[in-house]
Amino acid sequence: MSTDTIEKTATRSAKSGQPVIELVGMSKWYGNFQVLKDIDLTVYEGERIVVCGPSGSGKSTMIRCINQLEFHQEGDVIIHGKAYGKDEKQNDLIRRDIGMVFQSFNLFPHLSVLENCTMAQIWVKETPKAEAEAVAMHFLERVRIPEQAHKYPLQLSGGQQQRVAIARALCMNPKIMLFDEPTSALDPEMINEVLEAMIELAQSGMTMIVVTHEMNFARKVADRVIFMDQGEIVEQAPPHAFFDNPQYDRTQLFLSQILHH
Ligand SMILES: Nc1ncnc2c1ncn2[C@@H]1O[C@H](COP(=O)(O)OP(=O)(O)OP(=O)(O)O)[C@@H](O)[C@H]1O
């Protein structure tokens, strides 16, 4: 697929035409190993991007560079028109717009569900406790587990913990949500409840980048599917271009990746 077609695809799928994430010539090395190679990617407001590719292709590293959990060494990461730079205060402000959900939930085990959802609001945004709790309950209701608010993470199922992690991220009122294999650690019967929460979020207009191999989710929700391989974006297209076109050779590549995952 030509760069021109990719650009048109991206523009067509944009909800408002405003770029919210721009990766420009982004490269990163771990020692001598180049994990990301000259990545160019523009994500528009309200777009839902699914990222897939073989293990080790750099998917996690790319999305972790978007909120600077990892640091790129060349190129630019621009969020809402502002590039991460040397000014840590500005970097913190940029990061506040971005919520992240990890494969391993990353909840604090010694805090209740409610406290997990209020801690950053209280300490980072200085929201009064009662208000933070009301916000937390709102989002716990949205992911359908308000009744678990006073339990501790280890008293919940994996699917419930992941929904808490989604609620916790939403409590910070992010403009962008990043998901790094959010269902990979879950038992099969719990995957759907998490995907449903993500689908509802997508339908609310949230800009999302989701690293996942859940292709039903990609089909239902994604505006664009991006394939990475060896640190590069090797292909991107709307999901139907891959899945509804039996002639499309990337479908074969994709299936082989899934089978080996
Ligand atoms: N902290 C690190 N130090 C050195 N190498 C790393 C580090 N983190 C990741 N890597 C390497 O970078 C490459 C890309 O890793 P990354 O986790 O981004 O891939 P991925 O596509 O998300 O893989 P997976 O699907 O298995 O999660 C891999 O070869 C990995 O071993």
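The structure presented is a predicted model; accordingly, all values stated were derived computationally and were not measured. Both counts, for ligands and for their atoms, begin at 1 and track the order of listing. These values consider heavy atoms only, across backbone and side chains, with no hydrogens, waters or symmetry-generated copies.
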Give a yes/no verdict on a cation-pi contact between K82 and Y84, requiring under 6.0 Å between NZ or CZ and the six-membered ring centre and an angle within 45° of the axis. no
Out of all atoms in ligand 1, which are within 4.0 Å of some heavy atom of [X]? Include the element for each.
X   : value
F33 : 12 (O), 13 (C), 29 (O)
G58 : 14 (C), 18 (O), 19 (O), 20 (P), 21 (O)
T61 : 15 (O), 16 (P), 18 (O)

Under 6.0 Å from the CD atom of E126, do we count more than 12 heavy atoms belonging to anything else shown? no
State whether the shortest distance between N or O atoms of E70 and N or O atoms of ligand 1 falls below 3.5 angstrom. no
Using modelled atom types and a 3.5 Å cut-off, is there a donor and acceptor pairing between side-chain atoms of E131 and backbone atoms of P128? no
With a 3.5 Å distance limit and no angle check, can you tell me whether S104 reaches the backbone of N106 through a side-chain donor-acceptor pair? no
Against ligand 1, does G53 come closer than 4.0 Å with any heavy atom? no
Could a heavy atom of P54 be found less than 4.0 Å from some atom of ligand 1? yes
Using a heavy-atom cut-off of under 4.0 Å, does the side chain or the backbone of E181 touch ligand 1, or both, or neither? side chain
Examine the proximity of ligand 1 to V35 and report which part, side chain or backbone, both or neither, has a heavy atom under 4.0 Å away. side chain
Salt bridge between E115 and R168, side-chain N to carboxylate O under 4.0 Å? no
Only counting residues at least two apart or in another chain, list the ones meeting side-chain hydrogen bond (donor to acceptor under 3.5 Å, both in side chains) with T61. none
